Colleague: 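Handing you this structure, nothing more for now.
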Amino acid sequence: MKADVLLGLQWGDEGKGKAVDVLTPKYDIIARFQGGPNAGHSLEFNDIKHVLHTIPSGIFRKNQMNIIGNGVVIDPIVFKKEINSLNELAVDIQSKLLISKRAHLILPSHRILDAASEASKGSTKIGSTLKGIGPTYMDKTGRNGLRVGDILSPDFREKYNSLTEKHKALLGLYDFEYNMAEYEEGWFEGIKEIKKFKIVDSEQYINDELKKGKTILAEGAQGTLLDIDFGSYPYVTSSNTICAGACTGLGIAPNRIGQVFGIFKAYSTRVGGGPFPTELNDDTGEEIRRMGREFGATTGRPRRCGWLDLPALKFSIMLNGVTQLIMTKADVLSGFSSIKVCYAYETYEGIISHFPYDAGIIKKPLYKEFSAWKEDLTAIRSIKEFPKELNDYIIFLEKELEVPVSVVSVGPNREQTIERSSKLKSVASV
Ligand code: GDP
Ligand code: IMO
Ligand code: MG
């Protein structure tokens, strides 16, 4: 079998958690491949909203195995908190979660280094979630990191102390006050919690299961435009959020990737610093934020809002080899006086219709305007009930993006999800 991948095409928060939860019954295994507690994946059912950070979004379904892959970075403190809240809901996690030995650990000192580094940046702050992501991936590529497999070794404490001492020396370079001790007790409690789970060679497990004919959905975190290589560097996260990240972050060979689900909102949002060509710093942006409840699931920060950006989406689709599109939050735009979609940018170098290396060259986005749908979409359950304006919007997007929109989401709840058969052939079946 092949592994399917679901990933964000924008700057994160596209609705990945909800979509993975909805798709989970079609799969045997759900696996996270990168990122860590910077992610906040929300899903809703039975009128309760759940937010997951490290644990895959398949955890609420009964029959699926969930895997935290080698590409993920784990903060034992956050992990234990997540486990505690799942335990309160009586979710059977023990038998449904596997953790890769090769996943790296976020130490208390990584979090402090993240905070010290951001504080030193002044007005050029990345807007990090301050979860220690950057410093942990730096130690991974710098070959200094601690991995989940290390917690099983008798000299784990020494390894921890040695890395923490290095970090203390680094912290000496910053004018930054910190208290490491306040995190350490909880961190070691978290390590005990991790030890209660099956710690495995997840790449072997995954490939063995694929061979047996089992189906896998790889769940991305963040979004393509936050990718370390292709995002608006340095305003990015520190991992490969693109489809290739599923190969390195789970040990799945490229020729074993099947469908690639690219998820996007009917508009755009971004949280943190960095370029955002279609950002609306006006009442319309405020209205999108209010109607879409655009506040971060991890940090609670207000998300920056703007119109859909086609050059950016085309760039993301190209990098990921997207075979099917999932559009979320169509309900949010109901009743707007009009909806705009950016199809090109006016730049200091002329009009361009591709996503540029330096967004600083963009003078203004060029928009195509659409009539908005008036109807409340949240109770709609079939494509037949779609207002004409919504259909026109989707068909326009499909034509431009050359990939079928196969799912439309009209609310945060599981049920508010509509499968759509497109006239456009799936790229994978061409
Ligand atoms: P993720 O990080 O990609 O999983 O997305 P987040 O959970 O951070 O943010 C998406 C937010 O939108 C969450 O609050 C979801 O409950 C909500 N959501 C998802 N799909 C829809 C939708 O179609 N309509 C509305 N109104 N909300 C949605
Ligand atoms: P999910 O998986 C939205 C953003 C941060 C910041 C930049 C770097 O929920 O879509 P980091 O903490 O990684 O050093 O932050 O990336 N960011 C996200 N934005 N959704 C996320 O995850 C994000 N994870 C990180 O706001 O701009
Ligand atoms: Mg999120």
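Because the structure is predicted, anything quoted here is derived from the model rather than measured. Both counts, for ligands and for their atoms, begin at 1 and track the order of listing.
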Colleague: Which one holds for K131 and ligand 2: side chain close, backbone close, both close, or neither close, with close meaning a heavy atom under 4.0 Å?
Modeller: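 Within the 4.0 Å criterion, K131 makes no contact with ligand 2.
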Colleague: Which ligand 1 atoms does V332 reach within 4.0 Å, using its non-hydrogen atoms?
Modeller: 26 (N)
Colleague: Ring-plane angle category for Y393 and F370, please: parallel below 30°, perpendicular beyond 60°, tilted otherwise.
Modeller: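 Rings of Y393 and F370: perpendicular, over 60°.
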Colleague: Among L226, I133, T136, L225, which one has a heavy atom closest to atom 17 (N) of ligand 2?
Modeller: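 Nearest heavy atom to atom 17 (N) of ligand 2 lies in L226.
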Colleague: Mind checking whether G40 has a heavy atom under 4.0 Å from ligand 2?
Modeller: yes
Colleague: Could you tell me, atom by atom, which parts of ligand 2 come under 4.0 Å of a heavy atom of W11?
Modeller: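 Under 4.0 Å from W11, ligand 2 has these atoms: 3 (C), 19 (N).
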Colleague: Check each atom of ligand 1 against the heavy atoms of G15 and keep those under 4.0 Å away; list them by number with element.
Modeller: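 Near G15, the atoms of ligand 1 are 1 (P), 3 (O), 4 (O), 5 (O).
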Colleague: Tell me the nearest of Q34, Q222, E118 to atom 24 (N) of ligand 2, using heavy-atom distances.
Modeller: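 Minimum heavy-atom distance to atom 24 (N) of ligand 2 goes to Q222.
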Colleague: Out of N38, T129, V236, whose heavy atom is nearest to atom 8 (C) of ligand 2?
Modeller: V236
Colleague: Looking only at distance, does G17 have an N or O less than 3.5 Å from an N or O of ligand 1?
Modeller: yes
Colleague: With atoms numbered from 1 as shown, which atoms in ligand 1 lie under 4.0 angstrom from a non-hydrogen atom of S409?
Modeller: 20 (N), 21 (C), 22 (C), 23 (O)
Colleague: Any nitrogen or oxygen of T328, main chain or side chain, under 3.5 Å from a nitrogen or oxygen of ligand 1?
Modeller: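 Among all N and O atoms of T328, none is under 3.5 Å from an N or O of ligand 1.
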Colleague: Which atom name does D13 have for its N/O/S atom nearest to the Mg ion (ligand 3)?
Modeller: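 Sorting the N, O and S atoms of D13 by distance to the Mg ion (ligand 3) puts OD1 first.
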Colleague: With a cut-off of 4.0 Å, which atoms of ligand 1 are near a heavy atom of K18?
Modeller: 20 (N)
Colleague: Show me which atoms of ligand 2 lie under 4.0 Å from any heavy atom of G12.
Modeller: 3 (C), 10 (O), 20 (N)
Colleague: Is G17 close enough to the Mg ion (ligand 3) to have an N, O or S atom under 2.8 Å?
Modeller: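 False for G17.
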Colleague: For the residue pair N70 / E203, report whether a side-chain donor-acceptor contact shorter than 3.5 Å exists.
Modeller: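 No pair is found: no donor N or O on one side chain lies under 3.5 Å from an acceptor on the other.
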Colleague: May I ask whether R301 has any heavy atom positioned less than 4.0 angstrom from an atom of ligand 2?
Modeller: yes
Colleague: With a cutoff of 4.0 Å, is D114 in contact with ligand 2, counting heavy atoms of the residue only?
Modeller: no
Colleague: Decide whether an N or O pair under 3.5 Å exists between G127 and ligand 2.
Modeller: yes
Colleague: Is the shortest distance from a heavy atom of G411 to ligand 1 less than 4.0 Å?
Modeller: yes
Colleague: Examine the proximity of ligand 2 to Y235 and report which part, side chain or backbone, both or neither, has a heavy atom under 4.0 Å away.
Modeller: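 Contact part for Y235 vs ligand 2: neither.
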Colleague: Does at least one non-hydrogen atom of R303 fall below 4.0 angstrom from an atom of ligand 1?
Modeller: yes
Colleague: Is ligand 2 under 4.0 Å from a heavy atom in the side chain of K16, in the backbone, in both, or in neither?
Modeller: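 K16 to ligand 2: side-chain contact only, backbone stays beyond 4.0 Å.
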Colleague: Considering D13, T269, T299, which one's heavy-atom position lies nearest to atom 21 (C) of ligand 2?
Modeller: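 Residue with the shortest heavy-atom distance to the ligand atom: D13.
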